[in-house]
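Reviewing the structure listed below.
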Amino acid sequence: MNWTDERVELLRKLWAEGLSASQIAAQLGGVSRNAVIGKVHRLKLSSRGRAAPAQARQKKPKAAAPKAAKPSSQPVRSMPQTVGATALKVEFDAEPAPRPVARVDDSVILPISRNLKLVELTDRTCKWPNGDPLNEDFNFCGSASKDGSPYCAYHARVAYQPVSDRRRAR
DNA sequence: CCCTGATTCGC
DNA sequence: GCGAATCAGG
């Protein structure tokens, strides 16, 4: 794939929005995350406000000439690498008498959806669908799934609800 | 192991 | 200019 003006523009946009190189590569299609990163550097984009961790690549003489270093690191303020905006509030149950028979461990909490596009899913991202497949904003949870499960811990629980644990919706 | 971005260098 | 290979770090 060529770096057409449109694709470069989209790259700039997504990069500015804080998407990772791999996610951008997935959306652009036809390119690897390395290609995206390489292009980002060539375009002299980077920083992105501040998402990059404390990294100081120092290089390793792979076969020849080593070179300069890469110093500078201005004290930048925090950076919102957030993708979701859902805020969950923990409700404290001040009730002195909790359900004596209630079971169903609610140890698994609702993850913040990454709202990934179908093409961004990998073997280990939650494939719980969000929204209407016919709608534009249709997406998938995308949270990390464990051990080959198609869903994250939360959605796996929802998907495989034990019959005995069914509770009535309030 | 998964992921992230950074850098080098042959093409 | 491009991006795979490689690296360091989380």
Side-chain angles (χ1 to χ4, degrees), chain A residues 1-88 90 105-131 137-160:
Chain A
M1 286 295 256
N2 284 0
W3 281 110
T4 62
D5 291 355
E6 296 77 65
R7 289 166 67 75
V8 171
E9 185 178 2
L10 180 55
L11 165 60
R12 283 200 156 103
K13 176 175 174 291
L14 297 177
W15 183 257
E17 288 178 4
L19 293 185
S20 70
S22 62
Q23 287 181 305
I24 294 174
Q27 297 219 334
L28 286 173
V31 290
S32 65
R33 77 181 192 90
N34 273 334
V36 170
I37 292 174
K39 187 59 178 175
V40 164
H41 283 218
R42 257 170 267 124
L43 288 172
K44 293 181 170 58
L45 303 178
S46 194
S47 292
R48 229 202 297 195
R50 170 48 81 81
Q55 289 174 138
R57 218 53 289 309
Q58 197 56 10
K59 107 184 31 178
K60 183 260 328 198
K62 184 165 61 171
K67 260 199 300 170
K70 185 234 159 177
S72 80
S73 179
Q74 292 310 74
V76 186
R77 283 295 79 76
S78 64
M79 198 298 280
Q81 157 83 312
T82 63
V83 177
T86 303
L88 296 180
V90 177
D105 61 86
D106 291 313
S107 60
V108 183
I109 61 175
L110 176 66
I112 295 176
S113 175
R114 294 174 68 195
N115 297 142
L116 302 184
K117 302 300 182 185
L118 178 59
V119 294
E120 300 178 293
L121 295 174
T122 71
D123 292 334
R124 58 194 69 72
T125 51
C126 179
K127 298 165 188 62
W128 186 265
N130 290 321
D137 64 351
F138 179 63
N139 58 53
F140 294 87
C141 170
S143 293
S145 60
K146 278 182 181 291
D147 189 50
S149 169
Y151 305 114
C152 62
Y154 177 81
H155 288 129
R157 192 168 165 291
V158 176
Y160 309 127

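So that the names make sense, note that chain A is the first sequence line, chain B the second, and so on, each numbered from 1.
- One can place CG of A/N34 at 8 Å from C1' of C/dA5, the figure rounded to the nearest angstrom.
- Comparing atom distances between the A/R42 side chain and each of B/dA6, C/dC2, B/dC2 picks out C/dC2 as nearest.
- For B/dG5, neither phosphate oxygen OP1 nor OP2 lies less than 4.0 angstrom from any side-chain nitrogen or oxygen of A/W15.
- Of the candidates C/dG3, B/dT7, B/dG5, the closest approach to any side-chain atom of A/A21 belongs to B/dG5.
- Not one side-chain nitrogen or oxygen of A/S32 sits closer than 4.0 Å to the OP1 or OP2 atom of C/dG3.
- Atom-to-atom, CG of A/L14 to P of B/dT4 comes out at 14 Å; the value is rounded to the nearest Å.
- Between A/R7 atom CZ and C/dC2 atom P there is a gap of 11 Å when expressed in whole angstrom units.
- Each of A/S22 and A/G38 was matched to the nucleotide of DNA chain B holding its nearest heavy atom; the match closer to the 5' end belongs to A/S22.
- Remark: C1' of C/dG1 and NZ of A/K44 are 12 Å apart, rounded to the nearest angstrom.
- Put simply, NE2 on A/H41 is 11 Å from C1' on B/dT4, counting in whole angstrom units.
- Considering only side-chain N and O atoms, A/S46 lies under 4.0 angstrom from the phosphate OP1 or OP2 of B/dA6.
- For the side-chain hydrogen bond (donor to acceptor under 3.5 Å, both in side chains) test, residues two or more places apart in sequence or in another chain that qualify with A/D137 are A/N135.
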Run the numbers on A/E120 and A/T125 for side chain to side chain contact (heavy atoms under 4.5 Å, CB included), then give the verdict.
CA-CA 9 Å; A/E120 300 178 293; A/T125 51; over 6 Å; no
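- Under the 6.0 Å distance and 45° angle rule, A/R7 counts as a cation-pi partner of A/W3.
- Among the heavy atoms of the strands lying under 4.0 Å from A/R33 is at least one base atom, whether or not backbone atoms are also near.
- The CD1-C1' distance, from A/I37 to B/dT4, rounds to 8 Å in whole Å.
- At the phosphate of C/dG3, neither OP1 nor OP2 sits under 4.0 Å from any side-chain N or O atom of A/K39.
- Using cut-offs of 30° and 60° for the angle between ring planes, the A/H155 and A/W128 rings count as parallel.
- A salt bridge does not link A/K13 to A/E9: none of the charged nitrogens lies less than 4.0 Å from a carboxylate oxygen.
- Put simply, CG on A/L19 is 14 Å from C1' on B/dG5, counting in whole angstrom units.
- We find that CG of A/L11 is positioned 14 Å from C1' of C/dG1, with the value rounded to whole Å.
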